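Everything on this sheet refers to the single structure shown next.
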Amino acid sequence: MKQKDIAALLDEPACAHNKKSKSGCAKPKPGATAGGCAFDGAQIALLPIADVAHIVHGSIACAGSSWDNRGTRSSGSRLFRIGMTTDLTEQDVIMGRGEKRLFHSIKQAIDNYQPAAVFVYNTCVPALIGDDLEAVCKAAESRWGTPVVPVDAAGFYGTKNLGNRIAGEAMVKYVCGTREPDPLPGAAQASGHRIHDVTLVGEYNIAGELWHVLPLLDELGLRVLCTLSGDARYREVQTMHRSEVNMMVCSKAMINVARKLQDAFGTPWFEGSFYGVRDVSQALRDFARLIDDEDLSARTEALIAREEAKIDGALGPWRERLRGKRVLLYTGGVKSWSVIAALQDLGMEVVATGTKKSTEEDKARIRELMGQDAVMLEEGNPRALIDLVRERGVDVLIAGGRNMYTALKARIPFLDINQEREFGYAGYAGMVELARQLVLTIESPVWQQVREPAPWTGHNPVGCKQTQGAGR
């Protein structure tokens, strides 16, 4: 990828970091390796496209470090679960066999799995030795007739967020607009309501939580052409250009996709969240507002009234047990504010939130929810998190998996909110699951046990070396 192309992605005009000053977004800092590289960001952004063969062109370590590190779910094809790599060795590099090896790897993937398409991810080594990724992919597509998409996201290009944008750029450049949507089935046309096509960008179906939302959209007559990229199929990504409205679920990841589809096809977009009762309702209203269909607006309000009444009753017992509990939320991106709204819906108090991966709009929403004096943690090392927990009397730490052992060693109740989690918290139904998991975590009897003095206090624990004079 050329330097000017990388600069253009960093200076994304729709990103809040660049609206006031050309400061750039997600510019890499020398020596900063935590949080993933550009390759890592590109692969996790596209890996949920389930019927595609995802080939990592590089050493096997790159594939091993990144494969399946997002807990996405698929309702059909499992091809995305198969890790594929060209496994370049020192000999391949010295002898210049990288392009030949890639060409044959693409052939093997097509022969063995008949994928809808092949995505090839560039990594540092082939980028440094000058392998022409685009030319090889073009030749392979011409030879075997299967779409082969180059994703040029070598790790040294920049951060994980830049990789997300490179992935989105590849979809807009090579995939979007290459197929028209399927015609509506007869039953949908006979429903009496107009069907509208929409797209979700930056939604990854973590723990299957997208499936909490799809029934709501389906009831309203909103056909989801594509979810980029949770539980997606290649043929769906091809039709994104026909969407009437795009919802940006995570603006930090693929905001360039929403902007470019708007520039090219006039598709309006908005940023929303499916976490929390208020935000789910607002997202549904935003779809209706931008589509500007009076019948849809009326049906949307009716659905919201019904679902909010139902969820209010279901959450009542949980709210009684969670009301007043204090939370330290250490995450980033859209969750830095959307989960706050969900927790406040449960009557909990968020004492601080992490903003390491948050945009300026994210921070503005945090201030709206928590007040102008909101505590926002740009960096949260283990010591700082534990100190804040004790200073503020925090009842539960909600964060990503990397903070789990910090919390457990400090004997602090912990709930995983990031991609490694096993439970989906999106939609109205997801709120009940979130409340349930919080109660199970906070009220677990283990915390009272581990905070009590050890039963062997004052004498030797079993297995410990005896003190002098204690006998044999």
Side-chain angles (χ1 to χ4, degrees), residues 1-12 24-47 52-70 83-109 117-143 147-174 253-254 256:
M1 177 170 282
K2 296 180 180 179
Q3 184 64 36
K4 66 176 183 179
D5 297 326
I6 295 175
L9 289 171
L10 290 173
D11 292 330
E12 168 59 46
C25 186
K27 288 185 177 178
K29 298 177 182 179
T33 57
C37 64
F39 157 70
D40 185 36
Q43 191 185 38
I44 67 170
L46 300 180
L47 198 63
V52 166
H54 300 268
I55 299 178
V56 178
H57 182 39
S59 68
I60 197 168
C62 291
S65 297
S66 303
W67 172 78
D68 197 34
N69 63 355
R70 190 183 287 274
M84 304 181 189
T85 177
T86 53
D87 187 19
L88 292 185
T89 65
E90 295 91 337
Q91 289 297 320
D92 295 319
V93 174
I94 293 168
M95 302 303 293
R97 297 194 297 242
E99 293 180 354
K100 182 178 180 180
R101 201 169 173 86
L102 173 59
F103 191 77
H104 287 286
S105 297
I106 296 170
K107 178 183 184 301
Q108 183 180 354
V118 177
F119 288 180
V120 179
Y121 302 85
N122 205 13
T123 58
C124 293
V125 172
L128 286 169
I129 64 177
D131 283 359
D132 194 335
L133 190 74
E134 189 169 357
V136 174
C137 292
K138 187 175 181 181
E141 181 172 335
S142 177
R143 178 72 175 273
V148 183
V149 179
V151 184
D152 187 6
F156 63 80
Y157 288 170
T159 62
K160 185 176 179 179
N161 177 238
L162 175 63
N164 295 155
R165 293 188 181 179
I166 290 173
E169 190 79 4
M171 295 300 98
V172 173
K173 182 177 180 180
Y174 296 106
M254 292 187 182
N256 56 319

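One-based numbering along the sequence shown. What you are looking at is a predicted structure, and each value in this text was computed from that prediction instead of being measured.
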Interatomic distance, [X] atom [atom1] to [Y] atom [atom2] [nearest 0.5 angstrom]:
| X | Y | atom1 | atom2 | result |
| --- | --- | --- | --- | --- |
| Thr86 | Gln108 | OG1 | CD | 11.5 Å |
| Cys124 | Tyr157 | SG | OH | 9.0 Å |
| Thr159 | Asp40 | OG1 | CG | 10.5 Å |
| Leu133 | Asn122 | CG | CG | 5.0 Å |
| Cys137 | Leu102 | SG | CG | 6.0 Å |

Shortest non-hydrogen contact between [X] and [Y], atoms and distance:
| X | Y | result |
| --- | --- | --- |
| Ala167 | Ala45 | CB-CB, 4.0 Å |
| Gly168 | Asn256 | C-ND2, 4.2 Å |
| Ile44 | Asn164 | CG1-ND2, 4.4 Å |
| Cys62 | Phe39 | O-CE2, 3.5 Å |
| Ile166 | Ala153 | CG2-CB, 3.9 Å |
| Ala109 | Ala53 | CB-CB, 4.2 Å |

Heavy-atom distance under 4.5 Å between the side chains of [X] and [Y], does that happen here?
| X | Y | result |
| --- | --- | --- |
| Leu88 | Pro126 | yes |
| Lys173 | Val149 | no |
| Ile55 | Ile106 | yes |

Requested in this report: Hey, could you give me each pair passing ring pair (Phe, Tyr, Trp, His ring centres under 6.0 Å) that has a residue in residues 118-138? Not counting sequence neighbours.
Outcome: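 For residues 118-138, and leaving out neighbouring residues, the ring pair (Phe, Tyr, Trp, His ring centres under 6.0 Å) pairs sorted by first residue read His54-Phe119, His54-Tyr121.
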Report task. Sequence neighbours left out, what pairs pass salt bridge (charged side-chain N to carboxylate O under 4.0 Å, His left out) with at least one residue falling in residues 91-108? Result -> Asp92-Arg97, Asp92-Arg101, Lys107-Asp111
Report task. Go through Glu141 and Val118 one step at a time and tell me if the side chain to side chain contact (heavy atoms under 4.5 Å, CB included) criterion holds. Result -> CA-CA 9 Å; Glu141 181 172 335; Val118 177; over 6 Å; no
Report task. Could you check Val151 against Leu46 for side chain to side chain contact (heavy atoms under 4.5 Å, CB included), going step by step and ending with a plain yes or no? Result -> CA-CA 10 Å; Val151 184; Leu46 300 180; 4.0 Å; yes
**Report entry** Contacts of Glu134 that satisfy side chain to side chain donor-acceptor pair (under 3.5 Å) - sequence neighbours left out
**Finding:** Tyr174
Query raised in the report: Counting N and O atoms only, with roles assigned by atom type, does the side chain of Thr123 sit under 3.5 Å from a partner on the main chain of Ala154, one being a donor and the other an acceptor?
Result: no
